[in-house]
Amino acid sequence: MKKKVLSVIVPCFNEEESLPLFYKEINNVQKIFDSFNIEFEYIFVDDGSSDNTLNIIKEFKENNKNIHYLSFSKNFGKEAAMYAGLKKANGDFVTLMDADLQDPPKLLIEMYQEIVENNYDIVIARRKNRKGEPVVRSFLTEIFYKLIAKISKVRMVSGERDYRLMTRSVVDAILSLPEYNRYSKGLFSYIGFKTKWLEYDNIKRVAGKSKWSLGNLLLYAFDAMIGFSTVPLMISTFLGILFCFISFIMILFIIFKTLIFGDPVSGWPSLVCIIFFVAGIQLFCLGICSAYISKIYLETKNRPLYLIKESDDDK
Ligand code: UDP
Ligand code: MG
């Protein structure tokens with residue numbers, strides 16, 4: 001019987017320290033998959049690393065014909081790297097995995113069993129806790145998931161990772177969504193399919209540093225909200241109605257007050273405050289609209305998500 005193929009996609013950005021450790025670990029898992037009659041295909045996506053990452057990948061490739069790689073012309077971000085990997089993958093099953101061993105490769109076995117035995121289309125790793133993560137980051141992440149659950153129809157689960165094993169049909173569905181502003185967790189949720197979340201304890205990265213600063217994460221969260229909810233656009237309508245109502249009451253109040261007490265010139269400080277307040281709200285609403293317009297702008301330019309400097313296809 002022809003062996004089935006499992007593609008392992010690994011986005012790498014300056015991972016020279018983690019990669020050798022990762023490769024050793026995934027090789028151990030590969031041996032177990034051999035007994036299931038499954039062959040591994042590796043796709044390393046070098047996301048514009050400035051260290052030795054690409055050379056390390058090439059060294060791996062010398063001893064393993066199942067290794068493929070793509071190298072971007074600059075850092076395009078993990079989302080672009082994952083998309084490039086999915087496009088290049090040929091496997092019947094495909095997994096996305098970080099290079100820093102925060103996504104335990106051993107979990108693949110359980111994921112695979114869920115797909116084969118319980119007919120799931122996609123199995124997603126979910127952290128039970130955030131041990132070892134900075135408190136502020138965990139706190140803000142929790143707020144983000146609560147907020148997005150309220151304003152978006154797309155379901156996103158707190159603690160879920162990009163680490164997942166999926167069938168070919170899921171990969172094809174994701175590839176049919178070539179949008180520029182990508183938030184994969186949202187896209188995966190959007191496409192549906194029978195999904196299982198596998199829980200595991202959080203693991204610290206094995207070497208090197210996280211590439212995400214708090215600022216980056218906030219922007220990423222903002223992208224997710226703009227990308228998967230139009231509720232913020234309605235805020236301006238809601239506030240507009242509210243302010244019309246308030247001003248109507250105030251007009252009535254002023255008319256009656258003038259009729260009863262006359263009209264001495266006073267109250268300019270309160271007037272200035274109101275002007276500032278309303279102007280602030282207007283700018284805030286304008287800001288929300290601009291956020292959507294800027295996304296539309298980027299989307300209509302139709303720029304590629306990434307540019308490839310070299311890949312093993314060149315050989
Ligand atoms: N990564 C990437 N491009 C980037 C940032 C990260 O390909 O611009 C890769 C990185 O090499 C790693 C994975 O994405 O394999 C997760 O990154 P990281 O560990 O920094 O994120 P965290 O686990 O802290 O969320
Ligand atoms: Mg990590």
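In listed order, ligands and their atoms are each counted from 1. Starting from 1, each residue takes its place in the sequence as its number.
- For atom 21 (O) of ligand 1, the nearest non-hydrogen atom of the protein is Trp212 CD1, 3.0 Å.
- Ligand 1 has Arg137 within reach: a non-hydrogen atom of the residue lies less than 4.0 Å from it.
- From the protein, the heavy atom lying nearest to atom 16 (C) of ligand 1 is Asp98 OD2, 3.1 Å.
- Using a distance-only test at 3.5 Å, with no hydrogens or angles considered, a donor-acceptor pair links the side chain of Arg168 to the main chain of Gly91.
- Here the protein heavy atom with the shortest distance to atom 15 (O) of ligand 1 is Pro11 O, 2.7 Å.
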Would Ser158 and Glu142 count as a side chain to side chain donor-acceptor pair (under 3.5 Å) here? Give the steps. CA-CA 7 Å; Ser158 168; Glu142 280 309 317; 2.9 Å; yes
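- Numbered from 1 in the order shown, with element, the atoms of ligand 1 that lie under 4.0 Å from a heavy atom of Asn75 read 3 (N), 4 (C), 8 (O).
- Ion pairing between Lys88 and Glu41 fails under the 4.0 Å rule for side-chain N and carboxylate O.
- In the displayed structure, Phe36 atom CZ is contacted under 6.0 Å by more than 12 heavy atoms of other residues, nucleotides or ligands.
- Ring-centre distance between Phe76 and Phe13: not below the 6.0 Å cut-off.
- Heavy-atom proximity to Ser210, at under 4.0 Å, picks out these atoms of ligand 1: 20 (O), 21 (O), 22 (P), 24 (O).
- The protein heavy atom nearest to atom 18 (P) of ligand 1 is Arg205 NH2, 3.5 Å.
- Within the sub-2.8 Å shell of the Mg ion (ligand 2), the protein contributes these N/O/S atoms: Asp100 OD2, Gln102 OE1.
- The atoms of ligand 1 that sit less than 4.0 Å from any heavy atom of Cys12 are 7 (O), 11 (O).
- Counting protein heavy atoms only, atom 1 (N) of ligand 1 is closest to Phe13 CB, 3.8 Å.
- The aromatic rings of Phe44 and Phe22 sit perpendicular to each other, their planes meeting at more than 60°, with 30° as the lower class boundary.
- Looking at Arg164 and Asp103, no side-chain N of the basic residue comes within less than 4.0 Å of a carboxylate O on the acidic one, giving no salt bridge.
- Counting the atoms of ligand 1 from 1 in the order shown, those under 4.0 Å from a heavy atom of Asp100 are 19 (O), 23 (O).
- Between Tyr23 and Phe60, the ring planes are parallel. Angles under 30° get that label, and only those over 60° would be called perpendicular.
- For a threshold of 3.5 Å applied to N or O pairs, the pair formed by Ala99 and ligand 1 contains at least one separation below that value.
- Arg161 and Asp98 are joined by a salt bridge, as a carboxylate oxygen and a charged side-chain nitrogen come within less than 4.0 angstrom of each other.
- Remark: Lys194 NZ is packed, more than 12 non-hydrogen atoms of other residues, nucleotides or ligands lying under 6.0 Å away.
- Given atom 14 (O) of ligand 1, the protein heavy atom at minimum distance is Lys78 CD, 3.2 Å.
- Looking at Arg126 and Glu199, a side-chain N of the basic residue comes within less than 4.0 Å of a carboxylate O on the acidic one, giving a salt bridge.
- The closest protein non-hydrogen atom to atom 20 (O) of ligand 1 is Lys211 N, 2.6 Å.
- For ligand 1, the atoms closer than 4.0 angstrom to any heavy atom of Glu15 are 10 (C), 11 (O), 12 (C), 15 (O).
- Taking the charged nitrogens against the carboxylate oxygens, Arg127 and Asp201 have no contact shorter than 4.0 Å, which rules out a salt bridge.
- Contact atoms of ligand 1 toward Gln102: 19 (O), 22 (P), 23 (O) (distance under 4.0 Å to a heavy atom of the residue).
- The shortest N/O to N/O separation between Lys209 and ligand 1 does not fall below 3.5 Å.
- When the heavy atoms of Leu96, Thr53, Asp47 are ranked by distance to atom 3 (N) of ligand 1, first place goes to Asp47.
- Nearest heavy atoms, Tyr163 versus Leu108: OH-N, 3.5 Å.
- The structure places CG of Leu101 at 7.0 Å from OG of Ser18, a figure rounded to the nearest 0.5 Å.
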